[in-house]
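Written out below as structure tokens is the structure these notes cover.
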Amino acid sequence: MPVTELLTLSKSSLEKGIYAALESYANVHRGSGHFSHITTHIFDEARNHVLNYLNLDHKKYLAIFTTPFGEKAFKSQFDEVHVRVIGSDEIGLALGVRVLVIKKSDIPKGEPSVSGGGTAKLTSADWVIWARNAEKFEAGTPAVINILYYTRALIAIKSDGMKPMNFALKEDTANSSFDEEWRNLSGLELLEKVQQSMIGANYMVPTMQGLQPFVNLDNSASTPTYDLIWSIFNKALSLSQEAQQKMIRHTRKVLADFVNAPESEYDVLFASNTTEAINLLARSFENAGEAGKIMNSSMEHTSNDLPWRLLNNHELIRLSADNDGFFSTEEIEQKLLTYTSNGQPASASIKLVAITGASNVMGVCNNIKEISRIVHKHGALLMVDAAQLIAHRSIDMVDWGIDFMVFSGHKIYAPFGSGALLARRGLLNFSKEQLDEIRHDGDENAAGIIALGKSLTMMQRIGMDLIEEEEQKITAYALAEMSKVKGMRIRGIDAHDHPEITNKLGVILFDIEGKMADVISKKLMHQSGIGTRYGCHCAHIMVKQVSGVGPKLEKFQWLMQSVLPNMQLPGLSRVSFGLQTTTEDIDRLCDGLKHISLNSKEDAFAVKMDVVKKQVSELLNAVGKTVFELE
Ligand code: PLP
């Protein structure tokens, strides 16, 4: 449907409301974190608004949010997409949002064609239960903010009598520099300035101790964002396509510089998240038409497992990781010798080693440069999942010898549906036409990409060495303080003076003896206003390994899961730190943990749990209202 009407509702009124989502951390992935509840609530409301826009019955139909890439992949799998909804591109919003509407009764059986985090419950190394309903098709972290923005636009269109409107203001004033506000600032001075401008700082939440500022210790799931990044995202939506293209080109340069992947040596393909980027790479391997093996590890996020499991003609083998999260270079070499060298036919050899640069559960960084040397010695290629690494350590793709790398913007302070696949030139198996199409689809989310460019510039000006140093201090402090909690059981590197501490990020997996992880995280939320995450963190194989879940218990679990697919699997709690985390946050965490470990009575608190739960649900509804209500 072509755009026929010119602007009748200013873009700035669309912006309003979305800020409320960002403030309440509703940019985070849905799931088990505190504020994931708000995201889940608003996201489901967005689905309903799309159905309202189409006058469709919520009970019968399902709205699935996706991207231009996902739309094409899924359409080939759905027998019938019942209603076509206008894409964000057709209303002048460079957000890369698509929606598919199907009848609930027609949800395809079997595996989704684009797969990864969020699409499945992985109950053992071999056993997968696909998620239900729309989530089965929404691989990885969705572009929550872009989707809310787009949905608000649909509501505006509907309230204006269903005429499609063009929300773009088309200014041509793009300044291709990302650092005009910071020209005289860098290092610690800039870091402090940035910390002060965090959206959602001092956000008050109901707790059993009354209203308290929220402490977000779930940065590995999604990071918050900052005023300047949000502001460029909005500004980008108002630019002409030409100006947007210029800024996207600039972002490519910034990214190439950030990870040392010179444009002469690497292609940069923007995608909506890490999961989509891995699916793209998997498709490239499938396109090559050669059989072979892919080696990942038992520590991977499901996003770096499921796409490889489903690859035609390829067998997936797994490298083990020790209980601290380290790979053994001997094992890598030995597996490559067994499967690839020693006269193995090419069709049986390992084509790709696809491993995490930093684990989202163990928080450790393996020696990628050394692994790369071994991988290349045996003629295989190396992909690094840098979802957790990119915001925490400097990366050098050339020096480390990385062939492919993937990451997500929402884990590096740009939660606007951008991510990337960086690939050594000439290694992707796509025709020129296919590559052009992938580039075109990825670049459609110009606003998200430009916001990413800004956040990378910000990180670079602060300095990755400084960021690492600050995080190391917080991590050492947290390990030392958490260890004082009675019954505390930290998995992996658990002491500030551990010999490998410099390879540990601010990600700590733990439980307390005799307490279930979900109870710990829920109490931290309701008693202390602290957002953490619990469960298996989409890294089930590793979480089970470090929790000591043996084969018998695992078998029992999957039997239970097949009967009761919604049953909560046991798991561990996780805290993870970001640029804004302070020692005061850690003190509050440890106070909360001490209360839990000492079984402090709930009557010690001024407000009762059920009252807090009610208040949280009121907050949830209030945020939902602000996000979608037009003035
Ligand atoms: N890989 C790792 C190590 C992760 O931590 C995550 C997200 O938590 C992903 C992949 C998936 O990222 P996304 O959901 O942005 O696709």
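One-based numbering, in listed order, for ligands and for the atoms of each. Worth knowing before you read on, the calculation uses all heavy atoms, side chains too, and leaves out hydrogens, waters and symmetry mates.
Between the side chains of E45 and H41, at least one donor N or O sits under 3.5 Å from an acceptor N or O. Side-chain contact, T532 with S573: no donor N or O sits under 3.5 Å from an acceptor N or O. Between the side chains of T475 and E471, not a single donor N or O lies within less than 3.5 Å of an accepting N or O.
Judged purely by atom type and a 3.5 angstrom limit, S272 has no side-chain atom pairing as donor or acceptor with the backbone of S418. Using modelled atom types, no side-chain atom of S115 and backbone atom of P307 make a donor-acceptor pair closer than 3.5 Å.
Contact atoms of ligand 1 toward T275: 11 (C), 13 (P), 14 (O), 16 (O) (distance under 4.0 Å to a heavy atom of the residue). Per-residue contacts place T141 under 4.0 angstrom from the following atoms of ligand 1 (heavy atoms of the residue considered): 13 (P), 14 (O), 15 (O), 16 (O). For ligand 1 and S408, the ligand atoms under 4.0 Å from any heavy atom of the residue are 12 (O), 13 (P), 15 (O), 16 (O). The atoms of ligand 1 that sit less than 4.0 Å from any heavy atom of G140 are 14 (O), 16 (O). Numbered from 1 in the order shown, with element, the atoms of ligand 1 that lie under 4.0 Å from a heavy atom of S303 read 10 (C), 11 (C). Interface of N360 with ligand 1, defined as ligand atoms under 4.0 Å from a residue heavy atom, comprises 5 (O).
Within the 4.0 Å heavy-atom cutoff, K411 counts among the residues contacting ligand 1. Using a 4.0 Å cutoff on heavy atoms, N304 does not count as a contact of ligand 1.
In this structure, CD1 on I355 lies 6.5 Å from CG on N366, to the nearest 0.5 angstrom.
Here D399 pairs with K369 under the salt bridge (Lys or Arg N to Asp or Glu O under 4.0 Å) rule; sequence neighbours left out.
Contact annotation for T274 and ligand 1: heavy atoms of both the backbone and the side chain come within less than 4.0 Å of the ligand. Only the side chain of H410 comes within 4.0 Å of ligand 1, judged by heavy-atom distances.
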